[in-house]
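Contents: one structure, followed by commentary.
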2 protein chains.
Amino acid sequence: MRTEGRAKRLPRAVRERQIMDAAVDVFSRLGFHAASMDEISEVAGISKPMLYAYLGSKDELFATCIRREATRMMEAIATGVEPDQEPDVQLWSGLRAFFGFVGENRASWMVLHRQASTQGGPFAVELTDMRGRAVSLVAALLTQSTKAPATKLEAESLAAALVGAGESLADWWLDHPEEPAGVVAARLMNLVWMGFGDLVDGNVWHPPSRR
Amino acid sequence: MRTEGRAKRLPRAVRERQIMDAAVDVFSRLGFHAASMDEISEVAGISKPMLYAYLGSKDELFATCIRREATRMMEAIATGVEPDQEPDVQLWSGLRAFFGFVGENRASWMVLHRQASTQGGPFAVELTDMRGRAVSLVAALLTQSTKAPATKLEAESLAAALVGAGESLADWWLDHPEEPAGVVAARLMNLVWMGFGDLVDGNVWHPPSRR
DNA sequence: GAGTAGTCTTACTCGCGAGTAGGTACCAGG
DNA sequence: CCTGGTACCTACTCGCGAGTAAGACTACTC
């Protein structure tokens, strides 16, 4: 009668992965507060004391989730971006990588951004850190490409606005999942590169040919 | 010995206002789940049963808060926008009104957007409704001003992107309160009207003279 | 001043969820 | 076969917070 069901006696490293996956899933579905350690342990196929033994308290577990998912995302973007290209192409590849990641990891994005940004306290720190890395990246892109003598501060704040727009558009996308990633990315690309001023005149930006 | 302290025996309408104010305050400071009805009643200077008698359950109270603050904000924007002007000026006045409201009502914005967007369920409905009104407004602006034969759908999605950018930039602003409202509004205006493509060439948008 | 409608309180119940005590099953090496 | 260590469990404690019961106090009316 126990042919299936409980996989038994796995090494610690494996269990920790399972637990983290379950935690990200539950946190993203229910939110930090509404998520219970009982539910997480159940989804992970494990009992609560194991959870506490391996990952510590609820707060520690959540912080660990944020760190892991933030790292995954930044790596995905770093992999996807194409350096040594024209600024617009770099931005485009970065946006595609970003929305690609969010699209394939909705749970990650939820736990990462939506939840962490509404729980004050120590969690916001992890988020701020990741956002800071993203902003620096965009700011560098702008500084290197600008022809006008823009101050470093101006570039930073514009980068922050763009990153904010990307974050929000990704949030919005969660509520409109029918749109494909490329369309959403292209929309933001056009918005921030061309601006409405050009768009209402019919001038659109498009990627440079095929590859 | 009772010269001050409890204000006594106020009519229902007044109490309801006090309670709503307290609720918005507490919800925005602590978040929906962490906010307790005990704390709200204490801040309102009232006992818990009164709270339940007048505003119903915690969920009902929260939904009522969202509705009230959403209405306040939409009215502020409608008042601030200048119709019968060039599209960019209309957009500019709308953005100024929006960021002006958020700046003077940080608590409202928090309870309205940050909290409501992370609690799933019935609350999201109120938000979606308000966002829908804002999007329609912007979409109309775009449609009326566009020279290219843009589809209604294209305008709608661009409007959604802009509204999303505004929402996110307002969220971001909460974490960077040192910036003045006008600067943030101008930043978004430049971003969405001119685009990075122009900005890196030194072409900026600026309001048409003084008034 | 007796009735009654509305304001307001103290003092509970009760369930849920974080965290734990105190084990049991299984697998090394001796 | 014992000894220890690691994976794993059932079954609790305990506080917090949503929601309520039952009544007290005030004010206004006839």
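Naming: A, B, ... by sequence-line order, numbering from 1 per chain.
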In this structure, how many angstroms lie between the [atom2] atom of [N] and the [atom1] atom of [X], rounded?
| X | N | atom1 | atom2 | result |
| --- | --- | --- | --- | --- |
| L51(A) | dT20(C) | CG | P | 12 Å |
| E42(B) | dC8(C) | CD | P | 17 Å |
| K48(A) | dA7(D) | NZ | C1' | 19 Å |
| I46(A) | dT10(D) | CD1 | C1' | 15 Å |
| L10(B) | dC25(D) | CG | P | 19 Å |
| R17(A) | dA7(D) | CZ | C1' | 20 Å |
| L30(B) | dC16(D) | CG | P | 15 Å |
| E16(A) | dC8(D) | CD | C1' | 15 Å |

Report the distance from atom CG of L30(A) to atom OG of S36(A), rounding to the nearest 0.5 Å.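 Taking CG in L30(A) and OG in S36(A), the distance rounds to 7.5 Å.
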
With a non-hydrogen cut-off below 4.0 angstrom, is A35(B) in contact with a base, only sugar-phosphate, or nothing?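 Touches sugar-phosphate only.
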
Between F98(B) and W109(B), does the ring centre distance come in under 6.0 Å? yes

Can you identify which nucleotide, out of [options], has its nearest atom closest to the [X] side chain?
| X | options | result |
| --- | --- | --- |
| R15(A) | dC8(D), dA18(D), dA7(D) | dC8(D) |
| S36(B) | dA18(D), dC8(C), dA7(D) | dA18(D) |
| M50(B) | dC8(D), dT7(C), dA18(C) | dT7(C) |

Would you mind checking if R68(A) and D21(A) are paired as a salt bridge, meaning a charged N to carboxylate O distance below 4.0 Å?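 Yes, charged N to carboxylate O under 4.0 Å.
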
Is it true that R72(A) and E75(A) have a side-chain N and a carboxylate O under 4.0 angstrom from each other?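 Salt bridge between R72(A) and E75(A), a charged N being under 4.0 Å from a carboxylate O: no.
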
Side chains of M73(B) and N105(B): closer than 4.5 Å at any heavy-atom pair? no

Below 4.0 angstrom, which residues in residues 52-68 of chain A have at least one non-hydrogen atom near DNA chain C? Y52(A), S57(A), K58(A)

If you restrict it to nitrogen or oxygen atoms, what contacts under 3.5 Å exist between nucleotides 21-25 of chain C and the protein, and what is each distance?
residue	atom	partner	partner atom	Å
dA25(C)	N3	R9(A)	NH2	2.7

May I ask you to check whether over 12 heavy atoms, not counting those of R96(A), lie within 6.0 Å of atom CZ?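 No.
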
Test side-chain contact (heavy atoms from CB on, under 4.5 Å) applied to E69(B) and M20(B), step by step: CA-CA 10 Å; E69(B) 299 307 309; M20(B) 294 287 292; 5.9 Å; no

I need the full list of salt bridge (Lys or Arg N to Asp or Glu O under 4.0 Å) pairs touching residues 42-60 of chain A, with sequence neighbours left out, sorted by first then second residue. D38(A)-K48(A)

Does NZ or CZ of R187(A) come closer than 6.0 Å to the centre of the six-membered ring of W173(A), within 45° of the ring's axis? no

